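Reviewing the structure listed below.
None of these values were measured; they are calculated from a predicted model. Only this structure's heavy atoms are used, side chains among them; waters, hydrogens and symmetry mates stay out.
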Amino acid sequence: MGGALTTEQIAEGREKLVESLKAKATDILTRQPGNRCCKYLIPFLDSEEGKALTDDDLQTFYRCVRTGIDNEDSGLGCYAMTPDDYKKFGGFFNKVIRDYHGDETGEKKHETDWDASGVGEGGVLDVRKIGFEQELSMRVRVGRNLKAFNLPGKMDQAERIKFEQTMLTAFKSLVDNPEYGGNIYSLTPDFGEGAENPNKIDDAKYQELVDAHVLFKDMDADSFLKSAGISSDWPYGRGCWQSEDKQCIIWFGEEDQLRIMCMKKGFLLNEVFDRLNTMLKAVEAIDGIEFATSEDYGYITSCPSNLGTGMRASVHVKIPNLTSDGTDAKAKEVCNPLGLSVRGTGGEHTPIGADGTVDISPRARLFIKEAEIIAKLYEGVKLLMDQENAAVAPAAEEAAAPAAEEAAAPAAEEAAAPAAEEAAAA
């Protein structure tokens, strides 16, 4: 028999879904008590807010939390599917967000402020002033999403193509701007109904860009993104724009609709920070481009961990003394109290450089101003280098000990000689 479901069948299906989610979450928490998705899912579904969800909203909520159910070891375990989800499922997301970002008051609101004029010397953050003699590899990126589109987890192939076509106007504006120029590299096979993609690249060019860290890999290997639907429809709606000088990149179709970044080698940390801010203003000034924001959480991102600034600011720092044992354990001991993350030079879960180079970045994203992030990075790197230089002393003492012993031996022999002569004479 076919036909539409009856009201009773829909209600029964809804009840089964709710009870199934609660049972799975309860079971997972016995093994993984740190899974925030499961921790807050149960009371939300039992609340009046949870019970009042429409059937369609309940299905969307399931998509939001599925990654935390499928991946038991999740620390967060949830992704928003639309910019409105943080409000629509507020009783759930608010608790997850404030737990993860450490707001015990439950009342903080995010503030956006890029004014770093009070840091360094009038906003000039010269790392030579804090002891660096070689240029640092510096990188700042933000996640952004357009208000008019679903977030990547809920996009289908047609919407991914439409999003890419919408962004082509912004990319053309950047290409035509002498400050940026550059090229658009797209993986999308076609724009549907026989429409060719003029920016499509071949497999060889794609691999070249991946190897150069200009483009991202197929996300399907990431079980968290796969469960959330973020990696679906690959490679449609994926690609990037890169500036002529290779210092500015905008990814489209990754975890967020847009990942906008600036990078360069140099001594002035504020240069990449200021250039990114200028580029963001240029992009958002284009007709049809409006970034999704929240009054409470700042810029909207797919993952609650990136809400607020959506920013990750990092530098590569060489610390051979603190990594002399081949690990970043000592560096983390120094950085953790400073609110800094330590990674390998290839990103999270990658090894440190053979010469002791590590990637350092502030952990905070939400309830912190953009200017404060860049200040934390500048001040944190200075303190890290103080510890690195202090670590030279013990190493130098150990190296000097054998030489001191060798030097002491002849002196002892000379001192003993007269005594031996006197004893012989007696």
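Once rounded to the nearest 0.5 Å, the distance linking OG1 of T309 with CZ of F367 reads 11.5 Å. Once rounded to the nearest 0.5 Å, the distance linking CG of N336 with OG of S341 reads 7.5 Å. Distance check: T188 OG1 to I161 CD1 gives 6.5 Å after rounding to the nearest 0.5 Å. Annotation: the span from Q157 atom CD to D233 atom CG amounts to 5.5 Å, rounded to 0.5 Å.
Contact detail for K154 and M81: the closest heavy-atom pair is CB-O, 3.5 Å. Closest non-hydrogen pair, I69 versus C38, comes out as CD1-SG, 4.1 Å. For the residue pair E388 and L322, the shortest heavy atom distance occurs at OE1-N, 3.0 Å. For F224 against N71, the heavy-atom pair with the smallest separation is CE2-CB, 3.5 Å. In plain terms, the two heavy atoms of V140 and A313 that are nearest each other are CG2-CB, 4.0 Å. Of all heavy-atom pairs between L41 and A25, the closest is CD2-CB, 4.1 Å.
Under 3.5 Å, the side chains of T82 and D84 contain no donor-acceptor pair of N or O atoms. In the model, Y236 has no side-chain atom that pairs as donor or acceptor with a side-chain atom of D156 under 3.5 Å. Side-chain contact check for D73 and Q32: no donor-acceptor pair (N or O, by modelled atom type) lies under 3.5 Å. Side chains of T54 and D57: a donor-acceptor N/O pair is present below 3.5 angstrom, by distance only. In the model, R312 has no side-chain atom that pairs as donor or acceptor with a side-chain atom of N306 under 3.5 Å. Side-chain contact check for D55 and Q59: no donor-acceptor pair (N or O, by modelled atom type) lies under 3.5 Å. For the residue pair Y86 and D296, no side-chain donor N or O sits within less than 3.5 Å of a side-chain acceptor on the partner.
The aromatic rings of Y180 and W241 sit perpendicular, their planes meeting at an angle over 60°, well past the 30° parallel limit.
The pair K162-E159 fails the salt-bridge criterion, with no side-chain N (NZ, NE, NH1 or NH2) lying under 4.0 Å from an Asp/Glu carboxylate O. The pair R63-D85 does not meet the salt-bridge criterion, since no charged nitrogen lies less than 4.0 angstrom from a carboxylate oxygen. Using a 4.0 Å cut-off between charged side-chain N and carboxylate O, E255 and R259 make a salt bridge. A salt bridge links E19 with K22: at least one charged nitrogen is closer than 4.0 Å to a carboxylate oxygen. We find that R141 and D256 are not joined by a salt bridge, their nearest charged nitrogen and carboxylate oxygen being 4.0 Å or further apart. A salt bridge links K172 with D176: the closest approach of a Lys/Arg side-chain nitrogen to an acidic carboxylate oxygen falls below 4.0 angstrom. Ion pairing between a basic and an acidic side chain is recognised when a charged N comes within 4.0 Å of a carboxylate O; D222 and K226 show no such pairing.
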Note to self: For a side-chain contact (heavy atoms from CB on, under 4.5 Å) check, start with the C-alpha distance between V317 and M385, then their side-chain angles and the critical distance, and finish with the verdict.
What the structure shows: CA-CA 9 Å; V317 180; M385 289 311 297; 3.6 Å; yes
Next item on the list: Could you go through the ring-ring contact (aromatic ring centres under 6.0 Å, His included) check for F273 and W114 one step at a time?
Entry: CA-CA 9 Å; F273 181 75; W114 287 75; 5.1 Å; yes
Margin query: Set out, in order, the CA-CA distance, both residues' side-chain angles and the distance that settles salt bridge (charged side-chain N to carboxylate O under 4.0 Å, His left out) for K205 and E208, then state yes or no.
Written below: CA-CA 5 Å; K205 182 63 177 179; E208 176 192 322; 3.1 Å; yes
Checklist line | From CA spacing to verdict: side-chain contact (heavy atoms from CB on, under 4.5 Å), L58, L45 | finding: CA-CA 9 Å; L58 181 61; L45 289 175; 4.2 Å; yes
Note to self: For a ring-ring contact (aromatic ring centres under 6.0 Å, His included) check, start with the C-alpha distance between F171 and F252, then their side-chain angles and the critical distance, and finish with the verdict.
What the structure shows: CA-CA 11 Å; F171 296 146; F252 56 90; 5.6 Å; yes
Checklist line | Step-by-step side-chain contact (heavy atoms from CB on, under 4.5 Å) determination, N270 to I374 | finding: CA-CA 8 Å; N270 57 287; I374 210 75; over 6 Å; no
Note to self: If you apply the rule side-chain contact (heavy atoms from CB on, under 4.5 Å), what do you find for T278 with E179, and how did you get there?
What the structure shows: CA-CA 11 Å; T278 300; E179 176 70 20; over 6 Å; no
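Heavy atoms of other residues, nucleotides or ligands lying less than 6.0 angstrom from CG of D211 number more than 12. More than 12 non-hydrogen atoms from other residues, nucleotides or ligands lie less than 6.0 angstrom from CD of E284. Within 6.0 Å of CG on D203 lie no more than 12 heavy atoms contributed by other residues, nucleotides or ligands. Shown here is K200, whose NZ atom has more than 12 heavy atoms of other residues, nucleotides or ligands within 6.0 Å. Within a 6.0 Å radius of NZ in K376, no more than 12 heavy atoms belonging to other residues, nucleotides or ligands are found.
A 4.5 Å side-chain heavy-atom check between F89 and C64 finds at least one atom pair inside the cut-off. Proximity of V96 to D99: side-chain heavy atoms (C-beta onward) are nowhere separated by under 4.5 Å.
Judged by distance alone, with hydrogens and angles left aside, the side-chain atoms of Q257 form a donor-acceptor pair with the main-chain N or O of L146 at under 3.5 Å. Not one N or O on the side chain of D359 forms a donor-acceptor pair closer than 3.5 Å with the backbone of R343. Judged by distance alone, the side chain of R365 and the main-chain N or O of G308 form no donor-acceptor pair under 3.5 Å. Put simply, the side chain of S173 never gets that close to the backbone of T169: no donor and acceptor are under 3.5 Å apart. At least one donor-acceptor pair under 3.5 Å links the side chain of R98 to the backbone N or O of K108. No side-chain donor-acceptor contact under 3.5 Å links R139 to the backbone of M261. Formation of a donor-acceptor pair under 3.5 Å by the R66 side chain with backbone atoms of Y79 is not found in this model. When atom types are taken as modelled, the side chain of Y62 and the backbone of V18 share no donor-acceptor pair closer than 3.5 angstrom.
By the 6.0 Å and 45° rule, R128 stacks over the aromatic ring of F267.
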